[in-house]
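Note sheet for the following structure.
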Amino acid sequence: MNSTFIKTGLLAATLAISGCASMSPPVLPEYTGADTVSTAEASQLVGSWSVSQLNPYPDAEPQETTITYMADGTVLGETIPQGESAAVLGDTRFQFRGTWSLEGDMVVHKDIKMTSTGGNAMAAMMTKMIGSRQNISGSANIYEMSADRIVMVGEDGSASEYVRQ
């Protein structure tokens, strides 16, 4: 799953928390990889994946993200802040769940709900802010796909690498 819609919200909030945000929003670097996939099978996505950004925002800290696509159409994920964000958010883990489907080479996510663990007040506020949005959804185009690696590009141009766990 391209968790762009979750990551973008977490990124903005953690940049603001850590004092790295300026008055102008950061610009996402363009991803220049080739789109080599025109169709995929849902079974190719089922499983657990470690996710990393291929074209992160400037000054963005890496996040430890795991996504699991279930055969029943459920998607589960967890993001653990790293670096300065972790110093502010403590042992917080952001978890999300929703549904997914495959339309040609597009992975579509719907009804995403987010929760957080760890008891950190700032993380709880971020979760409430993101969770207040109804019907969080998004899609990602599969650019590359092998048995153990997938590259997806979200609607906003955010490219993510998925490595099978």
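Here the structure is a predicted model, which means the values were calculated and not measured.
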**Request:** State, yes or no, whether a side-chain contact exists between V51 and I67 at a heavy-atom distance under 4.5 Å.
**Result:** yes

**Request:** Indicate yes or no: at least one non-hydrogen side-chain atom of L89 is less than 4.5 angstrom from one of M126.
**Result:** yes

**Message:** Any side-chain to backbone donor/acceptor pair from T36 onto Y143? Under 3.5 Å, distance only.
**Reply:** yes

**Message:** Is there a side-chain contact between L54 and V153 in this structure, where contact means two heavy atoms from C-beta onward sitting under 4.5 Å apart?
**Reply:** no

**Prompt:** Would a 4.5 Å heavy-atom cut-off, applied to side chains only, mark E78 and F96 as touching?
**Reply:** no

**Asked** Once you round to the nearest 0.5 Å, how far does OH of Y57 lie from OG of S158?
**Response** 7.0 Å

**Item:** R149 side chain near E144 side chain, heavy-atom distance below 4.5 Å
**Value:** yes

**Request:** Keeping the roles fixed (side chain from W100, backbone from M70), state whether a donor-acceptor pair exists under 3.5 Å.
**Result:** yes

**Request:** Please confirm whether the backbone N or O of V88 pairs with a side-chain atom of N120, one donor and one acceptor, at under 3.5 Å?
**Result:** yes

**Asked** Just how far is it from atom OG1 of T68 to atom CH2 of W49, taken to the nearest 0.5 Å?
**Response** 10.5 Å

**Heavy-atom side-chain contact between I136 and D111 under 4.5 Å** = no

**Prompt:** For V37, does its backbone N or O pair with a side-chain atom of D35 as donor and acceptor, under 3.5 Å?
**Reply:** yes

**Asked** Is there a donor-acceptor pair closer than 3.5 Å between any side-chain N or O of N55 and the backbone N or O of P29?
**Response** yes

**Fill in**
So CE of M152 and OG of S139: to nearest 0.5 Å the spacing works out to 11.0 Å

